[in-house]
Amino acid sequence: PQCAASAPLALDDRRLYTVHGDALVARSPRTGDAVWETSLDNRPSTAPAVGGDAVYLGRDDGEVHAFDTVTGEQRWTRSVGDVLGPTLALTSDRLYAVAESDGTYRVVALA
């Protein structure tokens, strides 16, 4: 199946997560059909990352958002104050982002 996406994707056992324009979309990996779609206030600057029952996305305004993988509802938002990108990394108990300010990059641990 084919579906529109404007950033790298993330995959878990149930869904394929893509960014299309200013929306995060969960799709069926089998058919490509949208299961849910969540509009974002600002364009994402990271690829989605999924772990457990949450999918995470960073924005260029320095915010990281966590969404429920089943419903797409936003769970929480954390601000690091700097541009985020291009990826997020997950371990079993931590979420990491790369933040950039004035040409200096730093790794930020969240959650």
Side-chain angles (χ1 to χ4, degrees):
Q2 293 183 357
C3 58
S6 58
L9 49 90
L11 181 69
D12 66 11
D13 291 338
R14 297 178 309 258
R15 304 276 184 263
L16 173 69
Y17 305 93
T18 64
V19 173
H20 184 64
D22 58 356
L24 175 64
V25 184
R27 298 183 179 280
S28 163
R30 177 183 282 163
T31 66
D33 294 337
V35 176
W36 55 256
E37 183 172 326
T38 299
S39 294
L40 307 167
D41 295 338
N42 201 339
R43 284 202 170 256
S45 60
T46 71
V50 64
D53 58 357
V55 59
Y56 305 92
L57 195 62
R59 302 186 327 187
D60 61 6
D61 62 359
E63 290 186 350
V64 176
H65 296 261
F67 301 92
D68 186 277
T69 57
V70 175
T71 66
E73 290 184 33
Q74 185 172 311
R75 290 187 172 174
W76 56 255
T77 300
R78 302 261 189 325
S79 178
V80 299
D82 295 321
V83 174
L84 297 170
T87 64
L88 301 172
L90 288 165
T91 66
S92 61
D93 63 349
R94 286 272 183 229
L95 172 65
Y96 296 92
V98 175
E100 183 268 327
S101 177
D102 298 324
T104 302
Y105 295 87
R106 63 189 170 94
V107 175
V108 179
L110 303 144

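Keep in mind that what you see is a predicted model, and the values were worked out from it rather than measured.
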Query raised in the report: Is a side-chain donor or acceptor of T38 paired with a backbone partner of G72 at a separation under 3.5 angstrom?
Result: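 Side chain of T38 to backbone of G72, a donor-acceptor pair under 3.5 Å: yes, one is there.
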**Report entry** Short side-chain to backbone donor-acceptor contact, W36 and T69, under 3.5 Å
**Finding:**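 Yes; at least one donor-acceptor contact below 3.5 Å.
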What's the spacing between [X] [atom1] and [Y] [atom2] if we round to 0.5 Å?
| X | Y | atom1 | atom2 | result |
| --- | --- | --- | --- | --- |
| L84 | R78 | CG | CZ | 13.5 Å |
| D60 | E100 | CG | CD | 11.0 Å |
| T18 | E37 | OG1 | CD | 8.5 Å |
| N42 | D22 | CG | CG | 9.0 Å |
| L16 | L9 | CG | CG | 5.0 Å |
| Q74 | D68 | CD | CG | 11.5 Å |

Query raised in the report: Are V80 and L90 linked, directly or through other ILVMFWY residues, by side chains that come within less than 4.5 angstrom of each other?
Result: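 Yes, V80 connects to L90 through the hydrophobic network.
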**Report entry** Connected via hydrophobic side-chain network under 4.5 Å: F67 and V25
**Finding:**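 No; tracing contacts between hydrophobic side chains, which count when under 4.5 Å, never links both residues.
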If you compare all heavy atoms of [X] against all heavy atoms of [Y], which two are closest, and at what distance to 0.1 Å?
| X | Y | result |
| --- | --- | --- |
| R15 | D12 | N-OD1, 2.7 Å |
| V50 | L11 | CG1-O, 3.5 Å |
| S45 | R59 | OG-C, 3.0 Å |
| A97 | L110 | CB-CD1, 4.2 Å |
| L95 | Y56 | CD2-CD2, 3.5 Å |
| A10 | P48 | CB-O, 3.4 Å |

Report task. Evaluate the side chain to side chain contact (heavy atoms under 4.5 Å, CB included) criterion for residues E63 and D41: first the C-alpha distance (whole Å), next the side-chain angles of each, then the deciding distance (0.1 Å), finally the verdict. Result -> CA-CA 11 Å; E63 290 186 350; D41 295 338; over 6 Å; no
Query raised in the report: Considering only heavy atoms from C-beta outward, does the side chain of V35 approach that of R14 to under 4.5 Å?
Result: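 The answer is no, as the side chains (C-beta and beyond) never meet within the 4.5 Å cut-off.
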